[in-house]
Chemist: 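Have a look at this one before I ask anything.
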Protein chains: 2
Amino acid sequence: MRLTATSYIVLGLLARAGGQATPYALKQMAATSVGNFWTVQHAQLYTEPERLADAGLVEEERETGGRRRRRYTITAAGRAALDAWREAPVADRGELRDPGLLRLFFGADPEALGVAQVALHQAKLDEYESLHARAGQGLPSGERLALEAGIAHEREWVSFWRRLADGVRPCAGSSD
Amino acid sequence: MRLTATSYIVLGLLARAGGQATPYALKQMAATSVGNFWTVQHAQLYTEPERLADAGLVEEERETGGRRRRRYTITAAGRAALDAWREAPVADRGELRDPGLLRLFFGADPEALGVAQVALHQAKLDEYESLHARAGQGLPSGERLALEAGIAHEREWVSFWRRLADGVRPCAGSSD
DNA sequence: CCTATCATGTAATCCGTTACATGATTAT
DNA sequence: ATAATCATGTAACGGATTACATGATAGG
């Protein structure tokens, strides 16, 4: 069985939770944390733990009465897999994969696109900065650093698209 | 039939090519252009044009002799679809989705990770800058702008990971 | 009570990846 | 010639998205 990024997100969230968690709880956790830069469909938070249970990386416990909710706990094997992944050499850089950039590349009007993109990215940037100001110091260091990376990139996007919106052509290298 | 990002990459490349192109030619074009920020598996460049042909957005022509290669041309309907997409409002921001960032978020050692990531991103940055210096002025404006966005983000990554590699904790907002 | 929303899950579909496989070219 | 690489494709598998569907809970 192959472990994907989604697998490690589930394992990571379960480890972070410290105990049991239902798929819905995972969804809530993801939305306010890792979901800021890597979203997962809610259906996957129901199916992926099942796969992980088959592999022995998590343990499933089903409520007997009422809703028969599923509760998952990470196992020792799961923690080991998570640790191994954390320390494994990272072979691949992520890609930008920005839909707006794709349109720009294929000839969309820079000014119109820029205006729309600035709005999107500025909103996200505000959200990040507010989160950082409110909760930044309380976050585990990895999470805070990830948030700071997100802020830096959103700033870059805002700056990039704003220049397009203003009709000025940015030119990498011109500033140094 | 639903059009995906891959669909528009194929349509965009075919439009850019100006005439016929084989899947292999698409692969070559993608590798040196859009592939810098959005890669596509080579198998998709064989299957996706087929889907587009079913939808009437491209035309397939198969060589009769020898290798019986497939050659594709974008149709008027295809151009219309591409135009509509270019001008359509962009609803979604792209995600960072960086594997290294994911590990950082879930507790990987910042220094070790930073060292590895700096190497990856510095290499890519060098490649981009070299490409920009060599061919930048000759590129269509959208492509050049996309490349400049890529350069800006790679610079940001290098700076971010370098600080981690050096054991210094970056702090968004501290510099302004 | 009623209805809107939250919570919880399943099923089908399909795109994307991986693996396999073979036909041409080039180099030695 | 032969090996190596380039070029060209197909098939299978599986993860991810989409759509559907129903059970609880809270608000009015």
Side-chain angles (χ1 to χ4, degrees), chain A residues 1-11 13 17 20-32 34-35 37-55 57-58 60-72 85 91-92 94-95 97 99 102, chain B residues 1-11 13-14 17 20-32 34-35 37-55 57-58 60-72 91-92 94-95 97 99 102:
Chain A
M1 172 207 183
R2 305 174 56 79
L3 296 182
T4 163
T6 305
S7 312
Y8 293 110
I9 288 176
V10 169
L11 289 176
L13 288 175
Q20 294 183 326
T22 67
Y24 189 73
L26 291 174
K27 177 182 150 190
Q28 300 293 75
M29 289 190 278
T32 59
V34 66
F37 65 96
W38 196 312
T39 60
V40 176
Q41 235 62 30
H42 95 276
Q44 280 184 264
L45 297 176
Y46 289 87
T47 57
E48 184 67 23
E50 232 176 299
R51 294 199 329 130
L52 295 175
D54 290 344
L57 304 180
V58 307
E60 179 180 322
E61 187 183 326
R62 192 141 193 187
E63 292 179 352
T64 52
R67 253 190 238 215
R68 298 183 45 71
R69 255 178 298 202
R70 296 185 166 120
R71 303 185 164 277
Y72 293 95
W85 169 76
D92 48 351
E95 292 181 2
R97 285 211 172 221
L102 196 60
Chain B
M1 172 207 184
R2 306 173 57 79
L3 296 181
T4 163
T6 306
S7 312
Y8 293 109
I9 289 176
V10 169
L11 289 175
L13 288 174
L14 283 175
Q20 295 183 324
T22 66
Y24 190 73
L26 291 174
K27 177 183 151 189
Q28 299 293 75
M29 290 190 277
T32 59
V34 66
F37 66 96
W38 197 311
T39 58
V40 176
Q41 235 60 31
H42 95 276
Q44 279 184 264
L45 297 176
Y46 289 88
T47 56
E48 185 65 24
E50 231 176 298
R51 294 199 329 130
L52 295 175
D54 291 344
L57 303 180
V58 307
E60 179 179 322
E61 188 184 326
R62 192 141 194 187
E63 293 179 352
T64 52
R67 253 190 238 215
R68 299 182 43 70
R69 255 178 299 202
R70 297 188 166 118
R71 302 185 165 277
Y72 293 95
D92 48 351
E95 292 180 2
R97 285 213 171 220
L102 196 61

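Chain A is the first sequence line, chain B the second, and so forth, proteins listed ahead of strands; every chain is numbered from 1.
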Chemist: Identify which nucleotide among dT18(C), dA16(D), dC15(C) has an atom closest to any side-chain atom of A43(B), counting heavy atoms from C-beta outward.
Modeler: dT18(C)
Chemist: Verify, without hydrogens or angle tests, whether E60(B) (side chain) and R70(B) (backbone) share a donor-acceptor contact under 3.5 angstrom.
Modeler: no
Chemist: May I have the distance from L45(A) (atom CG) to dT10(C) (atom C1'), rounded to whole angstrom?
Modeler: 15 Å
Chemist: Return the nearest nucleotide to the side chain of R62(A); candidates are dG9(C), dT18(C), dC15(C).
Modeler: dG9(C)
Chemist: dA12(C) P sits how many Å from Y46(A) OH, rounded?
Modeler: 19 Å
Chemist: I want to check one thing: is the phosphate of dT10(C), taken as OP1 and OP2, less than 4.0 Å away from some side-chain N or O of R70(A)?
Modeler: yes
Chemist: Using atom CD of E60(A) as one end and atom P of dT8(C) as the other, report the distance to the nearest whole Å.
Modeler: 14 Å
Chemist: When the distance from CZ of R69(B) to P of dT22(C) is rounded to whole Å, what number comes out?
Modeler: 20 Å
Chemist: Roughly how many Å is it from OH in Y8(B) to P in dG16(C), rounded to a whole number?
Modeler: 13 Å
Chemist: Specify the residue among P23(A) and H42(B) whose closest nucleotide of DNA chain C lies further upstream toward the 5′ end.
Modeler: P23(A)
Chemist: Name the residue closer to the 5' end of DNA chain D, choosing between M1(A) and A25(B) according to the nucleotide with the nearest heavy atom.
Modeler: A25(B)
Chemist: Within a radius of less than 6.0 Å around CZ of R62(A), do more than 12 heavy atoms belonging to other residues, nucleotides or ligands occur?
Modeler: yes
Chemist: Base, sugar-phosphate or nothing for T47(B)? Non-hydrogen atoms, less than 4.0 Å.
Modeler: nothing
Chemist: Rounding to a whole Å, what distance do you find between Q44(A):CD and dC15(C):C1'?
Modeler: 13 Å
Chemist: Does R2(A) have a side-chain nitrogen or oxygen under 4.0 Å from the phosphate oxygens OP1 or OP2 of dG15(D)?
Modeler: no
Chemist: Check the side chains of E48(B) and T6(B) for a donor-acceptor pair under 3.5 angstrom, ignoring hydrogens and angles.
Modeler: no
Chemist: Would you say S7(A) reaches dG15(D)'s phosphate, i.e. side-chain N/O to OP1/OP2 under 4.0 Å?
Modeler: no
Chemist: Could you tell me how far apart W38(B) (CH2) and dC15(C) (P) are, to the nearest whole angstrom?
Modeler: 15 Å
Chemist: Looking at dT18(C), dT8(D), dA11(C), which one has an atom nearest to any side-chain atom of K27(B)?
Modeler: dT8(D)
Chemist: Taking only the side-chain heavy atoms of E48(B) (C-beta and beyond), determine which of dG16(C), dA16(D), dT10(D) contains the nearest atom.
Modeler: dG16(C)
Chemist: When rounded to the nearest 0.5 angstrom, what is the spacing between CG in L102(B) and CD1 in I9(A)?
Modeler: 5.0 Å
Chemist: What is the distance from CD of Q41(A) to C1' of dT17(D), rounded to the nearest Å?
Modeler: 6 Å
Chemist: Out of dT17(C), dG16(C), dT17(D), which nucleotide sits closest to the side chain of T6(B)?
Modeler: dG16(C)
Chemist: Would a 4.5 Å heavy-atom cut-off, applied to side chains only, mark S7(B) and L57(B) as touching?
Modeler: no
